[in-house]
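Reviewing the structure listed below.
Numbers here simply count residues along the sequence, with the first being 1. Each ligand, and each atom within it, is numbered from 1 in the order the structure gives. Nothing here was measured: the structure is a model prediction, and the numbers come from that model. Side chains are part of it too, since the values below use all heavy atoms of this structure and drop only hydrogens, waters and symmetry mates.
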Amino acid sequence: MPIKTLPTKTNPYLGADDGASGVGVLLEFARLFKKNPPPIGVDIVLFDGEDYGKEGDLSKYFLGSRHWAKNPPVEGYSPRFSILLDMVGGRNARFPKEGYSMQFAPALVNEVWSIAKGEGFDELFIQEMGNKISDDHVVINRILGIPTIDIIRHNPNSKNSQFAPYWHTHDDDLSIISKKTLDGVGQTLLQLIYNRVNVSE
Ligand code: AHN
Ligand code: ZN
């Protein structure tokens, strides 16, 4: 077992997967949206302060999403749905259907997983029920009532941590990032955005 050291200001966890991977996918979307505007409006929102609190006490977690949900960008803000990307870039990632996503927005989960299968990414988006994971999507569902799902790497069958071995360690760096994983997530969501949302509704 490698020795795990705590992060410091001069030696922080880089967080290549948690949470730069989602940012990477969304930056690429921004580039593509400019070149080829999608048929629906898409808001790209980057939350900070998700991991701010102390382990075991969620009262100081999710600072960014809580602030945003309490201060939506425009009056009457009501997107049809939203999708959280959390740890979507690691090698050998698997995305089971996260529990709160299934509770709040089962149709959207099933739609995304079905698109992934159609695009050949069914080994990434697996047909398996996942755990209930407290994350920014719960905040958006509860405070704003926007049906929101979380695409999050985890393993509900693990005897140890449900998250990857590099999670919240110095090992979460570019060396564990996989172009194949990022591509599977990106292509699936682009298919949803460009071809699968009913624009006449
Ligand atoms: C908690 O452990 C509270 N939430 C899991 C979600 C998470 C943490 N995503 C990234 N870091
Ligand atoms: Zn984290």
Side-chain angles (χ1 to χ4, degrees), residues 2 4-27 44-70 82-105 108-109 112-113 124-126 128-144 146-178 181-182 184-186 188-189:
K4 293 192 172 161
T5 53
L6 289 170
T8 64
K9 282 192 177 166
T10 51
N11 187 24
Y13 299 157
L14 293 176
D17 197 23
D18 177 12
S21 60
V23 177
V25 170
L26 294 173
L27 283 176
I44 293 176
V45 186
L46 308 175
F47 297 131
D48 202 355
E50 184 260 352
D51 270 334
Y52 187 76
K54 285 212 165 58
E55 223 173 305
D57 172 12
L58 290 180
S59 67
K60 292 191 178 64
Y61 273 66
F62 318 118
L63 297 189
S65 54
R66 283 200 285 195
H67 177 82
W68 187 80
K70 288 177 185 153
S82 83
I83 299 177
L84 174 62
L85 306 181
D86 193 355
M87 303 189 281
V88 292
R91 195 171 294 127
N92 301 321
R94 298 285 176 270
F95 306 123
K97 297 176 172 180
E98 187 275 331
Y100 287 118
S101 307
M102 285 304 282
Q103 180 183 319
F104 287 108
L108 180 58
V109 173
V112 169
W113 264 247
L124 193 52
F125 289 79
I126 56 175
E128 208 176 297
M129 275 302 299
N131 293 336
K132 288 191 161 182
I133 299 173
S134 294
D135 208 342
D136 293 306
H137 68 312
V138 177
V139 174
I140 304 305
N141 274 300
R142 293 216 170 113
I143 300 182
L144 281 176
I146 301 168
T148 301
I149 67 169
D150 192 7
I151 299 175
I152 181 166
R153 177 190 184 145
H154 72 289
N155 177 1
N157 305 310
S158 166
K159 278 173 237 87
N160 308 309
S161 166
Q162 63 182 325
F163 300 120
Y166 54 76
W167 179 69
H168 290 187
T169 77
H170 283 105
D171 293 336
D172 186 358
D173 64 19
L174 252 196
S175 69
I176 55 83
I177 293 295
S178 154
T181 303
L182 291 167
V185 173
T188 297
L189 296 180

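- The minimum heavy-atom distance between D172 and Y166, with the atom names listed, is CB-O, 3.6 Å.
- The number of protein N, O or S atoms lying under 2.8 Å from the Zn ion (ligand 2) is 3.
- Within 4.0 Å of ligand 1, protein heavy atoms come from D18, E50, D51, L58, Y61, D86, M87, I133, S134, D135, F163, W167, H168.
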**Study point:** side-chain contact (heavy atoms from CB on, under 4.5 Å) evaluation trace for F47 with D135
**Key:** CA-CA 11 Å; F47 297 131; D135 208 342; over 6 Å; no
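- Q103 and N141 share no donor-acceptor pair across their side chains, judged by distance under 3.5 Å alone.
- In this structure Y61 satisfies the ring-ring contact (aromatic ring centres under 6.0 Å, His included) test with no other residue, sequence neighbours excluded.
- Among all heavy-atom pairs drawn from P156 and M129, the shortest one is CG-O, 3.6 Å.
- Between Y13 and H170, the two ring planes are perpendicular [angle over 60°; tilted spans 30° to 60°].
- Distance check, rounded to the nearest 0.5 Å: CD of E50 to CG of D18 gives 6.5 Å.
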Pairs of donor and acceptor atoms involving the side chains of residues 83-92, under 3.5 Å and at least two apart or interchain, shall be tabulated with distances.
residue, atom, partner, partner atom, Å
R91, NH1, S175, O, 3.2
R91, NH2, S175, O, 2.9

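- Smallest separation of non-hydrogen atoms from I133 and E98: N-OE2, 2.8 Å.
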